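Naming: A, B, ... by sequence-line order, numbering from 1 per chain. Only a predicted model underlies this, so the values are computations on that prediction, with no experimental measurement involved.
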Amino acid sequence: MEKAYQPKEVEDRLYEKWEKDGSFTGQIDQNKPAYSIVIPPPNVTGVLTMGHVLNNTIQDILARRARQNGCATLWLPGTDHAGIATQTKVEQQLRQAGKSKHDLGRERFIEHAKEWRDKHGGIILKQLRKLGCSCDWDRTVHTLDQDYSDAVLEAFVRLFKNGYVYRGKRMVNWCPVSLTALSDEEVMMKPQNGKLYKIRYELVDSPGEFLEVSTTRPETIMGDVALAIHPDDERWPALQGRKVRRPLQPAEIPIIADEAVEKDFGTGMLKITPAHDPLDFEIGQRHNLETIDVLNADGTLNEFAGAEFAGMDRFDARKATVEKLREQGDLIDEEDHANNVGFSERADVPIEPRLSEQWFLRYPRVEEAKRAVSEGFIRYFPERWSKTYLHWLDNIQDWCISRQLWWGHRIPVWYRKGAPRNDPQNWHVSVNGPDDPENWEQDEDVLDTWASSWLWPLATMGWPDQDSMQKQGLEFFYPTSALVTGPDIIFFWVARMIMAGLEFKGDPVDPKTTLTDDQIKQRIPFRDVYFTGIIRDSKGRKMSKSLGNSPDPLDLIEKYGADGLRHGIMSIAPKGQDIRFSEERIEQGRNFCNKLWNVSRFRQMADEHTQESTQEEIINRINPAQLSQDDHAILLRLIQTLDEVDKLYQQYEFNSVLHSIYRFFWNDLCDWYVENSKPRMRGGEDKHTCLAVQDLCLRQVLLLLHPVTPFITEELWQVLGFSGGQSIQWTSPDKGSTISSALTNAGITLDPSALDEMLSIRELVTSMRALKADRNLANNKQVEFSFLAEDAKAEILTKHQSSILSSVGAAELKRVSAAPSGMPALVTSFGSVYLDLSSGVDVAAEKNRLSKELASLQKVISSIENKLGNSAFTDKAPAQVVEGARRQLAENQAKIKETEEALKALS
RNA sequence: GGACGGCUAGCUCAGUUGGUUAGAGCGACUGGUUUACACCCAGUAGGUCACAGGUUCGAGUCCUGUGCCGUCCACCA
């Protein structure tokens, strides 16, 4: 074995073998419990980020643990077509070649985009393999696959037939760069420092008299169709029904009253521009006002804005209109104003509220979706996200699902040629289109990407085709066991998947009928949802391409190994908290693997029984008569750890899992047990027993760690001969109780007091080492100790003598009957320990040290005495606590006494 | 404006249902080639648990309020 673990020599080889052996294949097996996960499909042209590493490592841990536990396990991978993002990239690339999508036309553009996707796509799936992800790659799905596309259209058609889908002219969020409508969820509000302009409008019937109105968007004044005041506003008793002159594109517009106007904001007067503001649109509807749209789709002004501004970009036009108003004397005031502006998530430009014909979805099964989570049929980890989810459902708005793009699922609606489109009589809605296509033209728009990915758990398993569902095991694997994703897509994806599952899984249910609890349980797409945190850089900023603060996971794998990366990221991922990334953590993950490697190497150097070491065989190698207290203690700790880790895994407490394993493996097993086994292995009679105990521990540690660090654990599993010719993937760690009973059956009963004993011996060793270190004595300098203790304690010390000596670096630890004078002393729970220094002792320094010790003991004692002197405490506190305090008092008093004696002995 | 989360050692974080003297890793410092590992071992220093009240025999932990940081929702032109 190499001196240090070399991941590169192991990872690719093992991954290839696993894949070849079909380890990742999700076999339907009615004799086993099913365990399934569908991957949150990454953008097909995306590359692996740290977020993916976290997310997919967790999924892999769950999948591998399920396989170990004997489940029929499916982790289903795939990608989504990422409508806007991909189309934008392809268009960009065309533009560089001096072309636009219109030059190609729809068909050829899509062909082109597919080529582009196939060339640049799928990288991320290869990267996931590097990370060790155990996906069933034969079942990789893409949202634009034929079957998947059919499912998406089928869902649309069914929703349409049930009256959930409708077409309408409405105010939507328009992205002037991507030239498409967006859903509310795709709009991000950003605080902006803008200006609030006060503009005057002249009263038509009273020239020279003006009303003042505040606005942040003077470039839309040409679209004003009214001014509005609040009906109860007493400042303007007689304005209603009168008219003002619009200062740009002059026209007479009425003054109206509407409750939506805030009396206390600005001047209390609102200009109404129904084409460019959602609230104004509503008011316009109420008062039957006309709509003047002064903007083009790309955010430039159109001819209704007047020749002077037509063609100008909206932000240039803002400046120009302000100038014009200033010249006319209509600009009264201009002040700084902070407000929130909606930005397009993808293009990162302010969206325009825009009136347009779009397809909308009224969500199905909203009430059942709430019940699914509030009743715990679906469990959220951490639980608190359920509140966010429920709040959204309580305030749910219809979903604008049409996008003015070409890249995506084209809406399966055809209009009769030459007939008015707004009359549903002239519509044909079906998956395959009309039988006489020559008389119809299809809707130009495609569906929002999320309107395809919301079917992910269903459509990846063959829905809606009966044969495919049968073959792909929908009934077996659905509901999936767990979903691992970020809380940022609760609305985009999680909530929608739940509603889709409730609506589409199983036999259709009349929209008016509410689902029963049993139906809900069968239809939900997943049982547990684990929400990861967001990975931030060391300064707490979100990782992003533009900041360049996101490391390339592939570089990290190259440097630290996939296991190192996985271990590192998992150890810093508290449940649901954001994660502060730093490369040092990954380094620690690598170090952990190396430690595992080396303790195995140490074990192998002993060169015995490293073939065919099954659990039974290992236990048989133990000679019960030779078991030391240390053996008892480490086995007890092993059992504790097995139970603890199992519980933590079930709660998705991954960082605690690793912490627990770390403590057992590194602190207890390596630092203490293996160190203390060295003298025994020098040829003591109990060498074989000691090695067997090591094997037992190591074997379980590998099993516990395998989901997290699959490569190194598989490698060592083989090297140490635990395999019996089989991969580690199919063996689960034991429960504490099974190890216990296996030991009992072999005639081994563990002594429960061994644990405490080991801990106090370790404490003693620590103090003795510190006493040496204080005097600048090197660890390996063999010194002599003596101790003064009562018989019972002395017996224990004698029992542990050899490991104390080797751990501390001492030649002798002899019992004395009186305090030796002039020696540095240590008061411990075992009695007083004296360090024999051949050279002179700095008496003053020793006295100082002991006095400090005494003072701190006295402080502790007085606090306990206070407590015990308080009758309220002794009366009300549980007897156990009071008893603990008494015992503690006695112990500390004894220590004081000994310390005083030690002080005396110094002089 | 509303909701949620965070504030514990220089840094990153643990800290179960309130109960001994608040822990770990990293970093710092000191010492170290003992039959694995310097990607290691041993040890030391370092904390008014954000702040203010309250409940309690007892509060990092429970309650109320405040501050700061972060996230989400809403969107007064």
Side-chain angles (χ1 to χ4, degrees), chain A residues 1 3-5 189 196 213-217 228 260-262 264-267 269-273 277-280 337 339-342 382 384-385 387-388 391-392 395 487-488 490-491 534 536 538 540 560 564 571-572 574 576-582 584-585 587-606 655-656 659 662-663 667 670-671 674-675 678 681-682 765-766 769-774 776-781 806-809 856-857 859-860 863-864 867 870-878 880-882 884-885 887-889 891-892:
Chain A
M1 285 172 90
K3 191 169 172 185
Y5 174 53
M189 300 308 290
L196 188 61
V213 179
S214 292
T215 181
T216 52
R217 302 207 57 192
V261 180
E262 291 283 334
D264 302 329
F265 187 86
T267 59
M269 194 163 288
L270 177 63
K271 70 186 197 65
I272 306 299
T273 322
D277 183 275
L279 180 66
D280 291 9
H337 181 66
N339 64 341
N340 282 327
V341 175
R384 65 187 153 85
W385 291 112
K387 223 172 162 173
T388 306
H391 181 256
W392 185 73
N395 297 283
D488 49 331
I490 288 185
F491 314 138
I534 292 165
R536 300 175 173 281
S538 57
Y560 302 108
S571 71
I572 56 174
Q577 294 299 342
D578 284 0
I579 293 146
R580 209 59 84 85
F581 177 81
S582 83
E584 282 165 18
R585 303 315 190 90
E587 200 179 320
Q588 284 166 41
R590 189 255 333 245
N591 295 353
F592 186 88
C593 293
N594 193 52
K595 187 78 176 175
L596 195 59
W597 181 260
N598 268 290
V599 79
S600 305
R601 201 157 72 94
F602 176 74
R603 171 62 189 87
Q604 229 213 359
M605 282 169 170
N655 66 327
S656 303
H659 188 69
Y662 184 99
R663 267 185 23 224
N667 300 139
C670 292
D671 288 348
V674 171
E675 279 310 314
K678 283 175 182 174
M681 290 177 54
R682 248 165 241 151
V765 165
T766 299
R769 281 165 171 168
L771 195 66
K772 272 178 75 182
D774 253 11
N776 287 323
L777 297 166
N779 281 342
N780 57 346
K781 167 108 180 155
S806 76
S807 306
V808 175
S856 102
L857 282 169
K859 221 172 108 191
V860 171
S863 116
I864 305 171
K867 207 192 283 186
N870 183 347
S871 62
F873 172 71
T874 47
D875 291 351
K876 292 186 185 174
Q880 201 187 335
V881 174
V882 178
R887 203 176 48 236
Q888 200 194 342
L889 182 65
E891 276 167 18
N892 281 290

Geometric class of the A/Tyr5/A/Trp597 ring pair [parallel <30°, tilted 30-60°, perpendicular >60°]
tilted

Under 4.0 Å from OP1 or OP2 of B/rA77: is there any side-chain N or O of A/His337 that close?
yes

Verify the contact: side-chain N or O of A/Ser863 to OP1 or OP2 of B/rU21, cut-off strictly under 4.0 Å; return yes or no.
yes

For B/rU34, the Watson-Crick or wobble counterpart (both distances under 3.5 Å)
none

Classify the nucleic acid contact of A/Asp671 as base, sugar-phosphate or nothing, counting any heavy atom under 4.0 Å across all strands shown.
sugar-phosphate

Using a distance-only criterion (donor-acceptor N/O pair, under 3.5 Å, no hydrogens), is the base of B/rU12 paired with the side chain of A/Arg585?
yes

Is the NZ or CZ atom of A/Lys678 both under 6.0 Å from the centre of the six-membered ring of A/Phe602 and within 45° of that ring's axis?
yes

Which nucleotides of nucleotides 68-73 of chain B have their base under 4.0 Å from a protein heavy atom (B), which only their sugar-phosphate (S), and which neither (-), written as one string 5' to 3'?
--SS-S

Between the base of B/rC37 and the side chain of A/Lys595, is there a donor and acceptor pair under 3.5 angstrom?
yes

Can you check whether A/Ser807 reaches A/Arg769 side chain to side chain, under 4.5 Å on heavy atoms?
yes

Describe the nucleic acid contact of A/Lys876 in one word from base, sugar-phosphate, nothing, applying a heavy-atom distance below 4.0 Å.
base

Please tabulate, one pair per line, each protein N/O and nucleotide N/O from nucleotides 27-34 of chain B that are separated by under 3.5 Å, including the distance.
{"from": "B/rG31", "atom 1": "N2", "to": "A/Asn779", "atom 2": "ND2", "distance (Å)": "2.9"}

Within the 4.0 Å heavy-atom criterion, would you say A/Cys670 contacts the bases, only the backbone, or no part of the nucleic acid?
base

Can you tell if the side chain of A/Lys595 reaches within under 4.5 Å of the side chain of A/Val599, non-hydrogen atoms only?
no

Does the side chain of A/Leu196 come within less than 4.5 Å of A/Asn339's, by heavy atoms?
no

If you take atom types as modelled and just measure distance, does the side chain of A/Arg384 reach the base of B/rC4 with a donor-acceptor pair under 3.5 Å?
no

Would you say the side chain of A/Arg601 lies within less than 4.5 Å of the side chain of A/Lys3, judging by non-hydrogen atoms?
yes

Determine whether any donor atom in the side chain of A/Asn340 lies under 3.5 Å from an acceptor atom in the base of B/rC75, or the reverse, and answer yes or no.
yes

